[in-house]
There are 2 protein chains.
Amino acid sequence: MTAATGLSDSPLRSLLGYRLRRAWIGIRADLAETLRPLDLRMLTYTALVLIEANPGLSQARLAGLMTVERPNVVAIVDELARRGLVCRRRDPGDRRAYALDLTPRGRALSRAATEAVERHEARLFGALSAAERRAIDAALERLSERL
Amino acid sequence: MTAATGLSDSPLRSLLGYRLRRAWIGIRADLAETLRPLDLRMLTYTALVLIEANPGLSQARLAGLMTVERPNVVAIVDELARRGLVCRRRDPGDRRAYALDLTPRGRALSRAATEAVERHEARLFGALSAAERRAIDAALERLSERL
DNA sequence: TATTGTTATACTCTATAACTATA
DNA sequence: TATAGTTATAGAGTATAACAATA
């Protein structure tokens with residue numbers, strides 16, 4: 001019962017999926033706000049960080065890391081490359097694939113964005129106790145096994 | 001480090017938002033599969049259950065419960081009404097508003113869908129211990145306060 | 001045959017501005 | 001003036017099929 005309105009979402013409140021959705025909507029909106037001043041979205045930020053951590057990464061492997069289908073990576077890398085943040089080289093060992101790397105500008109933006117994202121995480125999740133945090137991590141780990 | 005591939009998503013694994021996104025993608029896909037045979041989507045199912053729990057609900061209040069903007073509720077209720085699952089009556093006390101209710105067919109579908117969704121939840125979240133479940137509930141509650 | 005990047009395409013979800021009719 | 005429902009529209013994320021080049 002949402003006390004103020006007298007409305008009931010009780011049949012859904014027992015569903016973890018329903019509550020995760022509500023949380024995710026809020027988190028996503030706050031993350032979008034956090035990244036907007038840097039002209040990044042959730043997915044372009046994620047790609048930036050993953051390419052930095054995996055020099056020479058291919059788009060197919062990037063898609064795997066991002067949990068996104070391969071076709072959706074194309075526009076993301078297009079945008080990052082157009083802005084001079086990522087450079088696409090042909091992989092010498094496999095001429096079908098690209099070897100993706102960050103440019104110096106890409107590394108600088110990655111650093112600035114990561115600082116902003118860490119502030120965002122602290123703002124949202126800072127109130128969680130260490131025990132709560134561990135419990136969530138464990139639960140998400142368990143969940144991943146079933147998906 | 002994802003051992004099999006040698007790829008690293010470590011810079012993101014410390015971000016709760018990143019892990020929640022991955023979990024949510026999987027949960028959503030499984031939920032969509034669960035509801036597809038019943039010709040329901042996440043949002044139409046949610047609306048169905050909330051209308052059942054709140055007879056005479058208006059679309060604006062439904063939007064509030066669903067964490068969706070009012071315009072997005074229109075197509076959802078349109079679809080449910082067209083299929084004879086929900087009936088729209090004018091609210092006698094406020095002729096701007098609708099009073100939404102389930103039809104008998106809507107109630108039957110709600111019941112069948114809820115059974116399917118409960119099996120889906122049990123399949124995905126059944127492995128969580130009671131303590132983990134409580135920790136997640138508490139953490140999501142805390143999180144909601146900050147959003 | 002299988003895989004990489006690609007194009008085209010579509011669906012779902014979410015969001016905003018502006019209109020109408022009531023209040 | 002404010003609210004309920006609506007229209008139109010847009011953006012973001014996610015998904016599938018099919019094709020050319022390469023393996």
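Reminder, nothing fancy here: chain letters follow the sequence lines and each chain counts from 1. Side chains are part of it too, since the values below use all heavy atoms of this structure and drop only hydrogens, waters and symmetry mates.
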Could you check A/P92 against A/W24 and say which one's nearest nucleotide on DNA chain D is further toward the 5' end?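 So the residue in question is A/W24.
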Most 5' of B/V74 and B/A29 on DNA chain D, judged by nearest nucleotide: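 Here B/V74 is the residue nearer the 5' end.
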Cation-pi check, B/R89 onto B/Y98 ring (under 6.0 Å, within 45° of axis):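 Because its charged atom misses either the 6.0 Å distance or the 45° angle limit, B/R89 does not stack over B/Y98.
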When you check the gap from the basic side-chain N to the acidic O, do [X] and [Y] get nearer than 4.0 Å?
X: B/R13; Y: A/E141; answer: yes
X: B/R142; Y: B/E145; answer: no
X: A/D78; Y: A/R88; answer: yes
X: B/D101; Y: B/R107; answer: no

Covered region of DNA chain D, 5' end to 3' end, by chain A [heavy atoms, under 4.0 Å]: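 Boundary nucleotides touching chain A, in 5' to 3' order, are D/dA12 to D/dA23.
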Between the protein and nucleotides 8-13 of chain C, which nitrogen or oxygen pairs are less than 3.5 angstrom apart?
| unit_1 | atom_1 | unit_2 | atom_2 | d |
| --- | --- | --- | --- | --- |
| C/dC13 | OP2 | B/R41 | NH1 | 2.7 |

Calculate the interatomic distance between [X] atom [atom1] and [N] atom [atom2]; express it in whole Å.
X: A/R89; N: C/dG5; atom1: CZ; atom2: P; answer: 15 Å
X: A/D91; N: C/dG5; atom1: CG; atom2: P; answer: 9 Å
X: A/Y98; N: C/dT3; atom1: OH; atom2: C1'; answer: 15 Å

Is the closest side-chain heavy-atom distance between B/L15 and B/L20 below 4.5 Å?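 They are not in contact (no side-chain heavy atoms under 4.5 Å apart), so the answer is no.
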When you measure from the side chain of A/T103 to the backbone of A/L85, do you find a donor-acceptor pair of N or O atoms at a distance under 3.5 Å?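 Side chain of A/T103 to backbone of A/L85: a pair is present.
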Please classify the nucleic acid contact of [X] as base, sugar-phosphate, or nothing, using heavy-atom distances under 4.0 Å.
X: A/Q59; result: sugar-phosphate
X: B/D94; result: sugar-phosphate
X: B/R90; result: nothing

Evaluate the side-chain contact (heavy atoms from CB on, under 4.5 Å) criterion for residues B/D91 and B/S58: first the C-alpha distance (whole Å), next the side-chain angles of each, then the deciding distance (0.1 Å), finally the verdict. CA-CA 8 Å; B/D91 183 333; B/S58 74; over 6 Å; no
Given that B/R95 and A/A99 both sit by DNA chain C, which one's nearest nucleotide is further toward the 5' end?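 Nearer the 5' end of the strand: A/A99.
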Value rounded to 0.5 Å, distance of CZ in B/R21 from CE in A/M66: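 With rounding to 0.5 Å, CZ (B/R21) is 6.0 Å from CE (A/M66).
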